[in-house]
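The next block holds one structure in the form of structure tokens; read it before the comments.
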Amino acid sequence: MAAAALAPVVARADTGIPALKDVYRNTFRIGMAVDPWVAVAPPARDILIKHASSITACEVMKPDPIGVAADIYSFGDADALVDFAQGNGIAVRGHTLCWHKRELDWFFNGDPSAPGYKAKVRARLETYIVNVVSHFRGKVYAWDVVNEPAADDGADAYRGSRWRQVLGPDYIDIAFHAARSADPHVQLFLNDYGLEKPDKRARFLTILDEKLRRGVPIDGVGHQLHLNIGSTTPAQVEPALAAMEARGLINHITELDISVYGDPAGCWDTPPSGCQPEMQPDTETCRAALKAQAEMYGAFFDLFAAHESVTSVTTWGVADDQTWLDVYPIQRKNYPLLFDALGKPKPAFWAVADRTHRPE
Ligand code: XIL
């Protein structure tokens, strides 16, 4: 029938629910991490268009795949994500320029004992960052310049990465100065996890204070916040936000998700012993976990909203159909986000979108 063919296309995301970016318009940007091939298909596409005011690339803006080799860059996938974001009026957060998990070999080619080796590695890092930041100049509002710089234990505040081995603690200065030289306006972030733990925070602050004293152009701190139900309270995270405020810095929540399993430590140390079995949907256990998760999301958004320094809050994923926690730290279906696998709002969504729907 002709009339049916002319009927307006109804977005597949629920039209009757509040848009998160509107609810938090005067509070902070609502971000979601996604990759371009996920962003263009339902359910992510409609959720992003309706709810997100910021997008982070899960993978495609990391040194791999962009830094194929010295002087060979692959921007195709990242550009596709930026085009999608710009086409839908969504800002882009850049993640990340320098990370110990993506220390590509070509950065370190050569004989470490040869004269000039250190200068060569330094120049490769600078060139890479200048070229990538220049490529996205005006299209990205913030960069995680260095990711996960602080050590988890030991006497050295700095993580023992290859960057730190070859260039010393200065690798952070080099990275930030390169980024600033390529874009005077983009906000530059040091991003890390576990800052709610006093000893990790102390290491991070040692690094941060050293850099601020030396005039390194750091605008803000990214708090990853990969959480588990029952693991972390807003009261533990509050001092981490306050510490950055005391230094005049911006706070971004960069990678928020809340695993429905409460057992990460056991899983990381000796998987799979100590790990909870996979949760089946629509069971009492799963429903109870989603309720606890919603309470946590609500309490954390209250904390973020109470801090003017928090200007961006990003979940690490869009909907439960695609989450890195399905394979990390072990393979097991997880439900860590605000929308379910079909893109429907979960109790966690209502806990942050509408206080009248908060779980009892
Ligand atoms: C993760 C991605 O989501 C995965 O797809 C990938 O396999 C590994 O990296 N901290 C970070 C992110 O800063 O870049 C990580 O992203 C998750 C942990």
Side-chain angles (χ1 to χ4, degrees), residues 31-39 41 44 48 52 54-67 77-78 80-81 92-104 128-129 132 136 140 142-152 158-159 161 163 172 175 179 187-197 200 203-204 207 218 220-228 231-232 237 240 251-259 261 264-265 267-268 271 312-339 341:
M32 297 180 194
V34 69
D35 279 322
W37 48 90
V38 177
L48 289 165
S54 176
I55 277 183
T56 302
C58 276
E59 280 298 295
V60 301
M61 286 174 129
K62 289 174 178 168
D64 63 318
I66 288 184
D77 286 337
L81 189 65
V92 180
R93 253 196 123 259
H95 175 85
T96 176
L97 298 167
C98 181
W99 185 23
H100 69 283
K101 287 198 171 159
R102 304 296 161 98
E103 293 162 333
L104 300 176
Y128 174 79
I129 291 182
V132 174
F136 294 108
V140 162
W143 270 107
D144 291 330
V145 178
V146 176
N147 195 25
E148 303 180 346
D152 288 314
Y158 293 81
R159 181 183 290 282
S161 66
W163 295 115
I172 295 178
Q187 294 178 337
L188 303 180
F189 281 73
L190 201 53
N191 192 48
D192 216 324
Y193 64 85
L195 303 182
E196 67 279 8
K197 299 189 184 98
K200 178 80 182 255
R203 287 193 182 84
F204 184 88
I207 298 173
I218 299 173
V221 166
H223 306 252
Q224 293 189 4
L225 286 193
H226 295 290
L227 306 177
N228 298 68
S231 69
T232 310
V237 172
N251 285 303
H252 281 183
I253 309 304
T254 52
E255 308 184 18
L256 177 64
D257 51 17
I258 304 181
S259 166
Y261 303 98
C267 289
W268 279 315
S312 180
V313 175
T314 293
T315 58
W316 200 248
V318 178
D320 285 346
D321 61 323
Q322 298 271 352
T323 160
W324 74 305
L325 296 176
D326 283 350
V327 293
Y328 186 88
I330 58 164
Q331 193 152 353
R332 173 177 64 178
K333 183 65 200 145
N334 213 324
Y335 314 93
L337 298 162
L338 300 174
F339 298 89

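None of the values given here were measured: they were computed from a predicted structure. We number each residue from 1, following the sequence as shown. Ligands are counted one by one from 1 in listed order, and the atoms in each one are counted from 1 as well.
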Under the side-chain contact (heavy atoms from CB on, under 4.5 Å) test, residues paired with [X] that sit two or more places apart:
X: Cys58; result: Ala33, Asp35, Trp316
X: Glu148; result: Trp99, His100, Arg159, Asp192, Tyr193, Gln224
X: Pro36; result: Val60, Asp77, Ala80, Leu81

With no hydrogens and no angle check, just 3.5 Å: does a side-chain donor-acceptor pair link Asn334 and Thr323? no
Any sub-3.5 Å donor-acceptor pair from Lys62's side-chain atoms to Ala57's backbone N or O? no
Using a strict 4.0 Å threshold on nitrogen-to-oxygen distance, state whether Asp320 and Lys333 make a salt bridge. no
Considering only heavy atoms, which protein residues lie less than 4.0 Å from any atom of ligand 1? Glu59, Lys62, His95, Trp99, Arg102, Asn147, Glu148, Gln224, His226, Glu255, Trp316, Trp324
